[in-house]
Every structure is written in structure tokens, then in C-alpha cells.
Protein chains: 2
Amino acid sequence: MDKPRIGDGPVTLAHVAERAGVSQMTASRALNGRSGVSAKTRREVVRIATQLGYRVNVAARKLSNGRSRIIAVLAPDLTNQFIGQVLIGAGEAARKVDYEMLVYTLFDESRRSHDEVLRLLQQFADGLIAILPRGANDYLQALYAANMPIVMLDHRGEFAALPTIASNHYEGATVAMRHLIELGHARIGFLTGPDEPGAAADRLLAYQHVLAQHGIRVDPQLISQGDFTQRGGFEAARRLLALKRPPSAIFAVNDMAAFGALDAIKDAGLSVPHDISLIGFDDIPMAAQSHPPLTTVRQPLVWMGRSAVNTLLAQINGIDVASPRVVLPTELVVRGTTATMRVRERVS
Amino acid sequence: MDKPRIGDGPVTLAHVAERAGVSQMTASRALNGRSGVSAKTRREVVRIATQLGYRVNVAARKLSNGRSRIIAVLAPDLTNQFIGQVLIGAGEAARKVDYEMLVYTLFDESRRSHDEVLRLLQQFADGLIAILPRGANDYLQALYAANMPIVMLDHRGEFAALPTIASNHYEGATVAMRHLIELGHARIGFLTGPDEPGAAADRLLAYQHVLAQHGIRVDPQLISQGDFTQRGGFEAARRLLALKRPPSAIFAVNDMAAFGALDAIKDAGLSVPHDISLIGFDDIPMAAQSHPPLTTVRQPLVWMGRSAVNTLLAQINGIDVASPRVVLPTELVVRGTTATMRVRERVS
DNA sequence: TTGAAAGCGCTAACAG
DNA sequence: CTGTTAGCGCTTTCAA
């Protein structure tokens with residue numbers, strides 16, 4: 001009967017306090033689990049608050065306290081599964097400890113200065129997880145200067161002091177390459193991204209190193225440039241297939257490029273993995289859905305999201321983050337696009 | 001020289017007012033473009049605010065005013081491009097009129113009641129765009145009761161009074177079917193989603209109607225059930241291909257299912273569009289990236305996002321929304337997966 | 001253990 | 001046109 005009716009406006013702490021016959025402060029303390037309240041009073045306050053359906057007003061608390069129990073995520077793009085997975089991990093981790101997560105997306109079109117955005121986020125969130133688009137170095141300066149807890153995702157280079165959650169690209173790519181080599185492949189193509197330093201460069205490096213370690217010459221012709229997109233992977237793979245001596249296996253810098261390669265290979269009338277083995281990187285959800293399902297290197301995306309939140313919460317709570325750079329392990333996921341190299345039977 | 005140094009804490013209205021030698025109210029009025037300030041004073045205040053790098057504190061304004069100039073989006077899932085596109089449109093539209101957009105994601109795992117979520121959103125946002133997962137009817141009740149401006153995305157059924165932005169599924173599917181029929185196809189398969197009322201059902205209905213209109217019997221065998229996923233589309237298409245008389249064209253309930261079908265068709269050794277035509281629905285970005293690129297029915301996703309924001313802003317500003325349901329047109333996008341039916345030459 | 005006062009940053013309402 | 005007062009809902013600080 002005492003349910004707050006819509007239209008009465010939200011129930012405030014004052015309502016609860018009055019109803020419980022105590023001061024606002026006592027009610028506040030009781031509800032926040034602070035000490036200095038008798039067990040009996042606390043029980044009563046909590047009971048009434050529950051009954052009334054009371055919820056703290058985060059705007060008010062933020063204003064008074066500086067704390068909202070909200071963490072913000074700055075994301076460049078919401079149309080890719082990579083980021084989606086990270087957000088799942090981050091969201092779950094946040095909500096588990098009674099924080100909320102809100103996502104702010106960057107768009108080229110919206111003319112917002114870094115400053116404006118960060119100030120806004122700072123005004124309602126207690127901390128920020130930043131996933132920057134490649135080449136958004138202009139943001140780094142602002143983030144570095146921002147006076148709030150921040151964790152970056154897979155960042156390196158300038159401002160390396162910014163706490164970062166990354167995964168081990170080099171190691172992952174190494175394991176992928178060894179897998180191909182164990183399957184008997186020696187002529188292995190690599191589909192790159194744009195020629196920039198970063199995660200993709202690590203993967204390329206591992207490709208080259210593993211080949212070298214196995215006494216296989218790195219043939220520049222086998223390195224074909226794409227751009228992380230399916231279309232880019234398609235074109236890059238097609239160039240590889242057009243070679244006089246095409247590769248018997250292709251390692252794509254990421255899953256989307258691998259899907260493009262899959263298209264290109266099928267289009268050339270070849271079969272995966274019978275004629276050509278293919279391996280991706282990331283293990284986005286779609287990787288398990290293609291036909292055949294994609295062998296790939298799993299980045300622990302959900303875990304990375306969780307880890308980012310936990311690192312951020314540590315910062316928020318004033319705990320010194322031991323390492324400014326957490327590197328999580330990758331894992332080879334063997335599915336249907338890699339197989340033992342078959343002996344060429346066809347007469348070329 | 002007068003740049004606010006980080007660490008001094010953010011510049012507040014009081015700072016600006018003091019510096020300009022006016023009261024806070026005058027400063028507030030000047031900065032908010034309210035009347036009652038001389039042009040000269042206003043200029044001066046604005047100048048100083050700019051120089052100091054002043055930004056309103058949204059938490060404070062929300063508390064005082066009830067308005068934050070933030071709109072919230074409730075999204076079930078961030079790993080699909082469909083929602084990503086809607087968010088692009090919404091974000092752009094919001095930022096164009098100096099609003100900000102924040103996204104809150106639902107996760108099954110996080111035990112948050114509808115009430116909790118809506119209350120939170122209400123506390124910092126001026127309005128809400130709700131994209132509900134299928135079957136989240138429990139949320140509807142809460143949304144309906146919530147005392148805040150709300151716009152739904154492609155909702156119908158109960159609580160039809162909730163303002164909704166939708167697109168014309170029936171019409172889109174009709175155009176798609178006519179396209180196939182004009183290409184000479186008569187035996188056309190349909191890949192459904194789960195058997196529920198809603199957008200997918202409209203598309204199926206159009207499929208059936210167009211066939212009937214052209215005097216083609218609707219063969220139940222040609223309707224194969226999937227689940228909106230690539231894997232589901234794959235399996236559903238495979239069943240169609242295994243028929244004694246397989247279809248010469250397939251219409252998939254959405255693009256993801258179409259991609260699965262594409263895999264299945266290729267896997268069966270058939271070629272698209274040479275042997276089988278294929279058409280999807282949605283026109284997510286990936287549709288243009290597959291090989292061949294997917295012919296599909298475009299939902300104006302970005303436009304829907306924009307439209308949702310504009311409808312919401314109207315509500316926020318107290319303008320009565322004329323129609324509680326805006327239905328946007330769809331458009332056939334002919335790409336590479338549909339072609340004239342070839343005369344069967346193979347002897348079965 | 002409890003409460004009263006003051007203030008976070010802003011704006012509505014009323015006064016000059 | 002400009003300023004003063006009060007208050008949004010909460011928590012800190014200080015006093016009882």
C-alpha cells in the first residue's frame with residue numbers, strides 16, 4: 001500500500017529518514033553500511049528504504065561526494081564485435097561490485113574536443129576505460145592530463161605510464177605460426193593491416209621470426225597488405241592466390257580479414273582447409289559461426305574488459321596499481337580452417 | 001597564462017562570475033542564452049568562460065534543474081552491427097543539438113531489476129531510447145510506468161502507446177520478393193527466425209502474400225527455420241538445399257542468416273548468384289563486404305536512430321508527438337547475390 | 001550512536 | 001538588467 005506512486009517523484013533519503021524517525025545522516029549511514037549506527041536502527045532504516053523502493057540519486061551523490069559508482073567507457077566504434085566483447089566483460093565486472101557502466105562513443109562527425117568529452121565523463125563517472133581508435137594520439141595527451149582514474153585498452157607508445165590492459169600478440173601469433181608449421185606448411189602467407197606500429201606489427205614480427213626459426217625464408221611476396229576489414233582481407237588474399245607459387249596456408253592479422261580471405265579462397269575454387277589452411281586472430285564470436293568455423297588466436301576479450309574494470313577500481317580506491325601494463329595470455333583455438341598440408345597432387 | 005591548471009579542480013560558474021564581476025545568476029543567464037542580460041555583459045561573461053575553459057557540471061544542473069542534456073540508450077547487445085548503426089544515427093543527431101548520448105547495456109548476468117536500471121537512467125538522463133531484446137516484455141511495463149520521455153525502437157504489441165520508430169518490414173520484404181520473381185524465380189525458399197510475432201513475422205507474411213499474388217503455391221517445405229544467426233542460417237539453408245526440389249532463390253529473414261546461407265550454398269558446391277540467388281534483410285555494414293556482396297533490403301538504421309532522438313527531444317521539450325509510431329521506408333539494395341534464374345541445364 | 005549545519009554547482013523564483 | 005535567496009539530494013564535518 002505504501003508503494004511510491006509514480007508521479008510523486010522519486011523517493012529521497014529525506015522520505016526514508018522521516019519515515020524511520022531518524023535523521024538523514026543516520027539513514028545515510030545505515031544504507032551505506034557505515035559504522036556509527038546501531039544494528040537495530042540500521043535494520044529498520046533498510047527495511048523502510050526497501051519498502052519505499054528508495055535508490056540513491058547518483059547525481060546528488062556525485063555532487064556531494066565526488067562518487068557516483070559509475071564507470072565510463074570511451075569507445076570509438078560500436079559496430080565491431082571486438083569491442084562488444086570487451087564491454088561484456090567490463091559491464092559484468094562493474095555490476096558485480098555494484099558499479100554501473102556507461103558507454104560514450106566517439107564519432108568523427110561530432111565535433112567534440114577531447115577536453116569537452118573528458119570533462120563530461122568526469123562529471124558523472126568515477127573512472128574511465130579508454131578504447132582509442134588507431135591513430136587517435138591527440139586524445140592521449142588529454143587523457144594523460146585528465147585528473148581522473150583511467151585505464152587504457154591495448155595502448156602503448158607515448159604516455160606509456162597510462163595503465164593498460166593488453167594481450168600477448170607476439171606470443172599468440174607465434175603459437176599460430178607453429179601450428180601451421182607443425183601441420184606441414186612452409187609456404188605461409190600473411191595478411192597485414194595498415195603499416196603502423198602496434199598490435200598488428202607484433203603479429204607480423206612473430207610471423208617473420210617463427211619462419212626464420214624454422215629456416216624458412218621470409219618471402220616478401222607472401223606478405224599482403226589489408227586493412228583489418230573483410231573486404232581488405234579478400235583483396236589481400238586474392239593477391240596471394242594469384243602468385244605463381246601461392247601459399248598453402250594464410251595467417252590473417254585479424255578475424256575479419258580472415259573472413260575475407262575465406263571468401264577469396266572459396267571464390268578461387270579452392271577448399272578450406274583441404275587446399276589451403278587459414279588462421280585468424282581475435283576470436284570474435286563470428287569466428288565460431290563461419291563455415292568452416294575459423295581457427296584463430298583467442299584474445300581474452302571478456303577477460304580484458306573485466307581486468308580493465310578491476311584495475312580501474314583499484315585506482316579509484318587509491319590502491320597503487322602494481323604494473324601499469326597488464327598483458328593477458330592468448331590461446332590458439334583450433335577449429336575447422338586448418339589441416340595437414342596435403343601433398344600437391346595436381347599437375348601445375 | 002590563465003588556463004586552469006589541472007589539479008585546481010574544474011572551473012565553476014562561481015569562478016566565472018567572480019572573474020567577470022557579476023553574480024552567478026547573471027553568468028548563468030549569459031552562458032545559457034537566456035534573456036535579461038545586456039549584450040555587453042553577456043559578451044564579457046562568455047569571453048571569460050571561454051578563456052577559463054568553463055563547462056557546466058551536468059550533475060549539478062540535473063540536480064537543480066532536472067535537465068542534463070543527456071539522452072540515454074538502453075541496448076541489449078553491443079556485438080551486433082544493427083544496433084551499432086542505430087547508435088551512430090542517434091549519437092549524431094543528439095550531438096548536433098548539443099545533447100550527449102550515453103549507452104547502457106543489458107546483460108543477462110547482471111541482476112538488475114528494471115526499476116533499478118530505469119531509475120538510474122532517469123537520474124542523469126533527460127530521456128531514454130529503448131532497444132529491447134526480443135521477449136523482454138517485462139521491461140515494457142516498467143518503461144510504460146516510468147515517468148520520463150521514452151522512445152522505443154521497433155516495438156509493437158502491448159503498450160502500443162509508447163512512441164516507436166520502426167521500419168516497414170512488410171513493404172521491404174514485398175519488394176525483395178518481387179525482385180526475385182522478376183528475375184524469374186518461382187521456387188523461393190524463406191529462412192525464418194524463431195516463431196514469434198514481430199518484424200520477422202511481417203517479412204514472412206510478405207513472402208507468402210507475394211507468392212500467392214503471383215499464383216505460386218506456398219510450399220511449407222520451403223520455409224526453413226533459423227534464429228537470426230549465421231549458424232542458424234547455415235543450417236536452415238542446408239535443409240533447403242537438401243530438398244528433392246531445392247529452391248532457385250532464398251530470402252533470408254536477416255543479413256546474418258543470409259551469410260550463413262551463403263556459406264551453405266558455397267559448401268554445396270553451388271555458386272551465388274549463378275546457381276542460387278540470395279537476398280537478406282537489414283543491410284548491416286557487413287552486407288557490402290561479403291563476396292559476392294549481399295543483395296538485401298535496407299532498413300534505414302542510421303535514420304531510425306536520428307529519428308528516435310528527434311522524437312525524444314520533442315517529448316522532452318513538451319511537444320506532443322503527433323504519431324506514436326513512425327514507420328520509415330525500406331529500400332532494396334541490389335548487389336551481387338541475385339541474378340536471373342538460369343534455365344536448369346543439369347540433368348537431375 | 002545520533003543529529004545539525006554547511007556545502008557540492010547550479011538554476012528557479014523572487015526581489016530590486 | 002541584475003542580484004539575492006533558497007533548494008535540488010546527498011554527504012562531510014563537527015557537535016552532542
Side-chain angles (χ1 to χ4, degrees), chain A residues 4 8-46 48-49 52-70 119-120 122-126 147-148, chain B residues 4 8-46 48-49 52-70 119-120 122-126 147-148:
Chain A
D8 290 359
V11 180
T12 70
L13 186 59
H15 296 152
V16 176
E18 187 197 320
R19 197 58 162 275
V22 298
S23 71
Q24 277 200 39
M25 262 327 293
T26 301
S28 172
R29 282 190 271 251
L31 293 170
N32 289 311
R34 301 290 184 79
S35 63
V37 192
S38 73
K40 183 162 156 259
T41 309
R42 163 163 296 144
R43 250 197 318 275
E44 179 60 6
V45 170
V46 169
I48 297 205
L52 257 38
Y54 169 78
R55 299 278 146 208
V56 251
N57 182 315
V58 295
R61 190 208 259 154
K62 180 73 181 175
L63 194 58
S64 159
N65 213 7
R67 296 181 160 251
S68 58
R69 296 193 78 84
I70 290 177
R119 291 276 262 288
L120 169 71
Q122 197 162 169
Q123 286 175 4
F124 70 85
D126 295 348
N147 193 20
M148 84 189 289
Chain B
D8 290 0
V11 180
T12 70
L13 187 60
H15 295 152
V16 175
E18 188 197 318
R19 198 55 164 277
V22 298
S23 72
Q24 280 199 37
M25 265 323 295
T26 301
S28 172
R29 282 191 271 253
L31 293 171
N32 289 310
R34 302 290 185 78
S35 63
V37 192
S38 74
K40 182 161 157 263
T41 309
R42 164 164 292 148
R43 250 197 319 275
E44 178 62 2
V45 169
V46 169
I48 297 204
L52 258 37
Y54 169 78
R55 301 275 147 209
V56 251
N57 182 315
V58 294
R61 191 208 260 152
K62 179 73 181 174
L63 196 57
S64 158
N65 214 7
R67 298 183 158 249
S68 57
R69 298 191 77 85
I70 290 178
R119 291 277 262 288
L120 169 72
Q122 197 162 172
Q123 287 176 2
F124 70 86
D126 295 348
N147 193 19
M148 85 189 286

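Letters go in sequence order (proteins before strands), and every chain restarts at 1. What you see is a predicted model, and the numbers here were worked out from it, not measured in a lab.
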Checklist entry - Roughly how far apart are B:Q24 CD and B:H15 NE2, rounded to 0.5 Å? => result 10.0 Å
Item to check | Min side-chain heavy-atom separation A:D126-A:K62 under 4.5 Å | outcome: yes
Next on the checklist: Below the 4.0 Å mark, does C:dT11 have OP1 or OP2 next to a side-chain nitrogen or oxygen of B:S28?
Outcome noted: yes
Checklist outcome for this item: Axis-to-axis angle across the helix from C:dT1-D:dA16 to C:dG16-D:dC1, five pairs each end, nearest 10 degrees, ~ 40°
Checklist entry - Is any side-chain heavy atom of A:V11 less than 4.5 Å from a side-chain heavy atom of A:V16? => result yes
Checklist entry - Given atom NZ of A:K62 and atom C1' of C:dC10, what is their separation to the nearest angstrom? => result 16 Å
Checklist entry - Measuring from B:R119:CZ to B:Q123:CD, what's the distance to the nearest 0.5 Å? => result 7.5 Å
Next on the checklist: If you compare all heavy atoms of B:R61 against all heavy atoms of B:S68, which two are closest, and at what distance to 0.1 Å?
Outcome noted: NH1-O, 3.9 Å
Item to check | Interface with DNA chain D, restricted to residues 32-44 of chain B and to heavy atoms under 4.0 Å | outcome: B:G36, B:V37, B:S38, B:T41
Item to check | Interface limits on DNA chain D, where chain B has a heavy atom under 4.0 Å of a nucleotide atom | outcome: D:dC1 to D:dG9
Next on the checklist: Quick check: closest heavy atoms across A:A30 and A:V37, and the distance to 0.1 Å?
Outcome noted: N-CG2, 3.9 Å
Item to check | Set of salt bridge (Lys or Arg N to Asp or Glu O under 4.0 Å) partners for A:R55, sequence neighbours left out | outcome: B:E116
Item to check | Student check: side-chain heavy atoms of A:L31 and A:V56 closer than 4.5 Å | outcome: no
Item to check | Nearest-0.5 Å distance that lies between atom CZ in A:R19 and atom CG in A:L52 | outcome: 5.0 Å
Checklist outcome for this item: Output for pair (B:T12 OG1, B:N57 CG), nearest 0.5 Å, gives 9.5 Å
Checklist entry - Is there side-chain contact between A:I70 and B:L120, with at least one heavy-atom pair below 4.5 Å? => result yes
Checklist entry - Rounded to the nearest Å, what distance is computed from the CZ atom of residue A:R119 to the P atom of nucleotide C:dC10? => result 11 Å
Checklist outcome for this item: side chain to side chain donor-acceptor pair (under 3.5 Å) pairs touching residues 30-40 of chain A, sequence neighbours excluded, are A:S28-A:N32, A:S38-A:T41
Under 3.5 Å, which protein N or O atoms sit close to an N or O of nucleotides 5-9 of chain C? Give each pair with its distance.
residue	atom	partner	partner atom	Å
C:dC8	O2	A:L63	O	3.4
C:dC8	O2	A:S64	N	3.2
C:dG9	N2	B:A60	O	3.2

Checklist entry - Is there side-chain contact between A:R42 and A:V45, with heavy atoms separated by less than 4.5 Å? => result no
